[in-house]
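What follows is a short report on a single structure.
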Protein chains: 2
Amino acid sequence: MSVDLQNLAVLKPEQPICIFDSGIGGLTVVRKLRELLPNEELIYFGDTARVPYGTKSQLTVRRYAAEDTRLLLKYQPKMIIVACNTVSATALDVVEHESQGKPVLGVLKAGSALAAKETRCGHIGVIGTNATIASNAYSLEIYTIDPSLEVYSKACPLFVPLAEEGYINHEASKLIAQDYLLELMAHNIDTLVLGCTHYPILKAMLSEVVGESIKIIDSAEAVAMEVQRVLSEQSLLCQEVHNFPPKVLVSDLPQKFRTKFELFLGIELPEVELVEV
Amino acid sequence: MSVDLQNLAVLKPEQPICIFDSGIGGLTVVRKLRELLPNEELIYFGDTARVPYGTKSQLTVRRYAAEDTRLLLKYQPKMIIVACNTVSATALDVVEHESQGKPVLGVLKAGSALAAKETRCGHIGVIGTNATIASNAYSLEIYTIDPSLEVYSKACPLFVPLAEEGYINHEASKLIAQDYLLELMAHNIDTLVLGCTHYPILKAMLSEVVGESIKIIDSAEAVAMEVQRVLSEQSLLCQEVHNFPPKVLVSDLPQKFRTKFELFLGIELPEVELVEV
């Protein structure tokens, strides 16, 4: 996390928390934040006009990350959360650079820290998009926390479309999950990090495929807990009791977006605003 | 097809044919064009930084279509081919408007015409992306050709990622195909239009699922035949014998692009140039 203390001094608890992702997957982070911090005003941006990021190059992801951050700064956030694992893995420095000293938290560091804490045997599996896994960022982060840990990674590019299409417990999804995960399981992992905010939607099915002995770490949940810790430490938690619905901004409103958004957000979709990046 | 005769007069056979698609799927059109018209210089643009288009709104697809056309005009084409079914279905008028009077051909009209010609019982199935199917453009085009034909459509959004990930003959792909296609088959179709340039990659598997009695129409092949007919009619076929490799332009170079591109193009990948849109 990058925190500029001089700038932090002027931040106020009543300012919103801004969250962004390449598309709708990051709504799983909004969902966890609402459960944990119901007083906070949440503003979410999903770059649905350019989704997905996970299949694209680092160069393009970094450009998009800078544009997304600049968009959210207009809302005067007290904190920016990178709900996109691909951005967390390949462009967190870009977000920190653009964020004018506001605290920035990414799903990757939070998920890594929780996995390092939870593993007993020291063998951790990480799954994510092509871009996230190719960046090796989860492995590097976990090794930095504890060099004795062994990390095994696997890109699972079909999980995003399967989750978005609601193939949540379909036989085809199980077959594809077996294809992807058997290789990781052969390394006797006891912890599996869901390194993509879409994957929590598939958690029950994945749990069935890997078995109950493997603990599944949800990065969305991990980052929500980290947000609570950091805001509390900086006395930036909002104390006023209100229950704002989250504000949702998107760069495109695709077909059937309402059903898809609600699947990830877990509540009825509030007002959605179309913005340009 | 829109042809401005005044502008057509200045077109020359040695000018290139420009083709564009949201990503790499349109390379199946390049492949068919190379087989049919080996003398032609082909310039392909795949908007890999913003792929896919098929899950996005009409508004966004129309904006992208205009930008893609303007990019290709710089190469002085004698014809522009819209290899993207989503653009053909929802934004062909935008391409025609931007193309400065050059002939424009889209996969949708060519595929529709071929299906109308091939069906015997008059029941035609059409599959494509969410955006293509929601537009109803295939049905409208086929009804315009022959109002007695019955068209049954089904969006198959998982076929694009399955094709891109090489899940070409996987059991999971067959299960998903059965999910999508049983409904169409219940209408006793005898012809099935592949309304997405990714789908020809899955043709053998789809043929197995629907059975041999249903004829599969490949829009990529249909548009290549239409290009030959129109260029010949306008005396714009290139007569010089050369065998240029196609020129491939992209807006992003993702991980493992070489393997994926070659799967669709069917030959070793030529020079690829990164461009900005």
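Protein chains get the first letters and strands the later ones, always in sequence-line order, with residue 1 at the start of each. Only heavy atoms go into these numbers, but all of them, side chains included; no hydrogens, no water, no symmetry mates.
- A donor-acceptor pair is defined here as one N or O able to donate and one able to accept, closer than 3.5 Å; no such pair exists between the side chain of B/Ser207 and the backbone of B/Ala204.
- The closest side-chain donor-acceptor pair between A/Thr86 and A/Thr132 falls under 3.5 angstrom.
- Annotation for B/His97: atom NE2 does not count as buried by contact number, only 12 or fewer foreign heavy atoms lying within 6.0 Å.
- In this structure, the portion of A/Leu274 lying under 4.5 Å from any heavy atom of chain B is its side chain and not its backbone.
- Between the side chains of B/Ser57 and A/Asp252, at least one donor N or O sits under 3.5 Å from an acceptor N or O.
- For B/Arg50 and B/Tyr64, the positive end sits near the middle of the six-membered ring, less than 6.0 Å away and at most 45° from its axis.
- Chain A forms more heavy-atom pairs under 4.5 Å with one residue of B/Asn130, B/Leu175, B/Val61 than with any other, namely B/Leu175.
- At a 4.5 Å heavy-atom cutoff, A/Ser173 makes no contact with chain B through either its backbone or its side chain.
- With salt bridges taken as basic N to acidic carboxylate O contacts below 4.0 Å, none links A/Arg258 and A/Glu268.
- Taking A/Pro157, A/Pro52, A/Ala134 one by one and counting their heavy-atom pairs under 4.5 Å with chain B, the maximum is reached by A/Pro157.
- Of the two parts of A/Val160, neither the backbone nor the side chain holds a non-hydrogen atom closer than 4.5 Å to a non-hydrogen atom of chain B.
- B/Ser112 and B/Tyr143 share no side-chain donor-acceptor pair at under 3.5 Å.
- With a threshold of 4.5 angstrom between heavy atoms, B/Tyr167 approaches chain A through side-chain atoms but not through N, CA, C or O.
- Contact of A/Glu171 with chain B is made through backbone and side chain together, with heavy-atom distances under 4.5 Å.
- In this structure, the portion of B/Leu59 lying under 4.5 Å from any heavy atom of chain A is its side chain and not its backbone.
- Contact count versus chain A (heavy atoms, under 4.5 Å) is highest, among B/Thr48, B/Asp179, B/Leu162, B/Thr55, for B/Asp179.
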